[in-house]
Amino acid sequence: MKRDLSTRSNPDPSVLCAHAGIGLADGDPLVTPLVQSTTFCRDGVGSQAVHQYSRVSNPTVAQLEKALGDLEGAPPAVTFNTGLGAETALFLAVLKAGDHVVCGRSVYGGTTRLLQDVLSPLGVETTFVDSSVPGEVERAVRETTRLVVVESPSNPRLELTDIGACAEAAHRVGALLAVDNTFQTPVLQRPLDLGADITVTSTTKFVDGHSVATGGSIVSRDAALIERVRFIRKSTGGIQSPFGAWLTLLGLKTLPLRLARQSETCARLAAFLDERPELSRVFHPSLATGEQRVLAERQHLDGRDGAVVTIELAGGLPAARVFLESLELCRLVEHIGSVETLVTHPATMTHADLTPEQRAAAGIPEGLIRISVGLEDLGSIADDIGRALEAVGTGEGIEAEGSPCLAGA
């Protein structure tokens, strides 16, 4: 007897994730098989086998794609070997020379680089705006706008964008709205339900959750758009690998459980950090007031605001160096979403390719630190960060401004 749980009325994400990739028929394996084959046999000339070559499709990859689509009430996703690969395919699918893009200013640095340094020479113009400010996207769209790209919460300042308002602004001129949902995932935010046309997710982060598989996905309820993205992937060769898909499916099974724990810990950590005198600012939606708080309550599911908190040290790069080199539990890496607590210095890591002027416009000073909260207990995380902040507070080891960038960043 077949049991396709995705067809049930409003299945809970925990059910969809736990059962992702499980066989539907009698005798099917409980765990998704890893089909590590580049090609597939046919029974004759002109055969229309479901899978023919793994650059186009693969049974293991297809299971991941169905699971990711089910989570958003959409057709199967299109998955890629990286998040940037997914974004690149999306841009190639919907943009051509002469088209205009409106993009949030505070997004992943790779998105900015792709639009500014790769697509701009090909004739695609981009206007960067502070999408968290009501009306900025509305004022920036024009008749040639074909795509609006926002990230909410933003990277790394965790500012929220009104997804519904951006959708209205985009649709008024016939453009599409794409939302980077990497930080929240469909478990904590469903952009398509809020009016977006497309969600982009780096599955490398929370979806995988164990730092073992890079990947990205495009999800839309527009079947024609999804097929266009799938054609671009076939033509450019960026499909997710079978092994990467298999690992990601394993991570997906515990995503709701992990995010519930990590989000709760992160909110409590943000409140702790908000009291620290060494910090000039702490960024987390749980601390937001006014319209930002209203947006969090409207857009985030189950009252969970995500597992990333960002802090700003008043002492700039020298203070950041002391803080990061004083940590013992938290690991300095260019990453979020893993089971361990991770810290990143955006100015010299994720956003290093931006000019100082671009980083300033995006609100990324040299004292900014992004913290991705893991599964450790709150006390251990807070103790480690507290000791590092105390080292900053004493001024011990802090060099003069103008010191070189963080070693190894």
Side-chain angles (χ1 to χ4, degrees), residues 106 153-159 183 205 211 261-289 292 304-352 359-360 362-409:
S106 187
S154 66
N155 184 10
R157 289 167 57 95
L158 307 174
E159 295 159 322
F183 277 44
K205 311 303 192 299
S211 304
R261 165 67 181 260
Q262 289 169 298
S263 296
E264 179 183 351
T265 303
C266 190
R268 295 170 65 193
L269 179 65
F272 162 76
L273 293 171
D274 200 39
E275 300 295 325
R276 297 294 304 211
E278 301 91 346
L279 299 175
S280 57
R281 290 195 68 181
V282 178
F283 302 89
H284 189 260
S286 65
L287 302 175
T289 58
Q292 286 283 293
R304 303 189 189 281
D305 294 316
V308 178
V309 58
T310 298
I311 60 177
E312 184 178 345
L313 296 162
L317 180 59
R321 181 193 301 278
V322 172
F323 173 79
L324 293 168
E325 293 179 354
S326 299
L327 293 169
E328 296 178 358
L329 175 72
C330 306
R331 305 306 176 104
L332 176 62
V333 297
E334 192 163 332
H335 193 35
I336 63 166
S338 197
V339 294
E340 309 88 359
T341 296
L342 312 174
V343 294
T344 300
H345 185 242
T348 60
M349 298 172 77
T350 56
H351 293 72
R359 286 196 295 272
I364 305 174
E366 291 186 328
L368 204 69
I369 306 292
R370 188 183 69 190
I371 303 170
S372 174
V373 174
L375 293 178
E376 307 95 339
D377 66 287
L378 174 63
S380 297
I381 300 170
D383 285 348
D384 193 43
I385 292 175
R387 284 192 299 269
L389 288 174
E390 288 170 5
V392 173
T394 65
E396 181 181 352
I398 296 183
E399 302 173 7
E401 287 287 354
S403 57
C405 289
L406 291 163

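Everything numeric in this text was worked out from a predicted model, so none of it was measured.
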To the nearest 0.5 Å, tell me how far Ile311 CD1 sits from Asp274 CG. 11.5 Å

Heavy-atom pair with the smallest gap, counting every atom of Ser338 and Gln262: O-NE2, 3.0 Å

So which heavy atom on Pro285 is nearest to which on Leu158, and how close? CG-O, 4.1 Å

Would you check if the side chain of Thr341 reaches a backbone N or O of Gly374 as a donor-acceptor pair within less than 3.5 Å? yes

Hey, what do you get for CG (Leu313) to CD1 (Ile369), rounding to the nearest 0.5 Å? 5.5 Å

Would a distance-only check, ignoring hydrogens and angles, find a side-chain to backbone donor-acceptor pair under 3.5 Å from Arg157 to Ser106? no

In Å, rounded to the nearest 0.5 Å, how long is the span from CD1 of Ile364 to NE2 of His345? 10.5 Å

Could you give the distance from CG (Leu342) to OG (Ser372), rounded to the nearest 0.5 Å? 5.0 Å

Shortest non-hydrogen contact between Ala388 and Leu327, atoms and distance: CB-CD2, 3.6 Å

Does Glu159 use its side chain to pair, donor to acceptor, with the backbone of Phe283 at less than 3.5 Å? no

Please report the shortest heavy-atom distance between Pro346 and Thr344, naming the atom on each side. CD-O, 3.2 Å

Search all heavy atoms of Phe183 against all heavy atoms of Ser154 and return the closest pair with its distance. CE2-O, 4.2 Å

In this structure, CZ of Phe272 is separated from CD1 of Ile385 (nearest 0.5 Å) by 7.5 Å

What do you reckon, is CZ of Arg268 surrounded by more than 12 foreign heavy atoms closer than 6.0 Å? no

Main-chain N/O of Ala307 paired to His284 side chain as donor or acceptor, under 3.5 Å: no

Do Leu368 and Thr310 have side chains that approach each other closer than 4.5 Å (heavy atoms only, starting at C-beta)? yes

Could you go through the side-chain contact (heavy atoms from CB on, under 4.5 Å) check for Val282 and Arg276 one step at a time? CA-CA 9 Å; Val282 178; Arg276 297 294 304 211; over 6 Å; no

Using side-chain heavy atoms (C-beta onward) and a distance below 4.5 Å, is Glu376 in contact with Asp384? no

Can you name the closest pair of heavy atoms from His351 and Asn155 and give their distance? NE2-O, 3.6 Å

Examine distances only and state if a side-chain atom of Arg281 and a backbone atom of Glu312 form a donor-acceptor pair shorter than 3.5 Å. no

Apply side-chain contact (heavy atoms from CB on, under 4.5 Å) to Val333 and Glu340, showing your working. CA-CA 11 Å; Val333 297; Glu340 309 88 359; over 6 Å; no

Taking atom CZ as the centre, does Arg331 end up with more than 12 heavy-atom neighbours from other residues, nucleotides or ligands that are less than 6.0 angstrom away? no

Would Arg387 and Glu328 satisfy side-chain contact (heavy atoms from CB on, under 4.5 Å), going step by step from the backbone distance to the final call? CA-CA 9 Å; Arg387 284 192 299 269; Glu328 296 178 358; 4.1 Å; yes

Given side-chain contact (heavy atoms from CB on, under 4.5 Å), test Leu389 with Leu273 step by step and report yes or no. CA-CA 10 Å; Leu389 288 174; Leu273 293 171; 4.1 Å; yes

Please tell me if the side chains of Leu378 and Val373 come closer than 4.5 Å, counting only heavy atoms from C-beta onward. no

Could you give the distance from CD (Gln292) to CG (Leu287), rounded to the nearest 0.5 Å? 12.0 Å

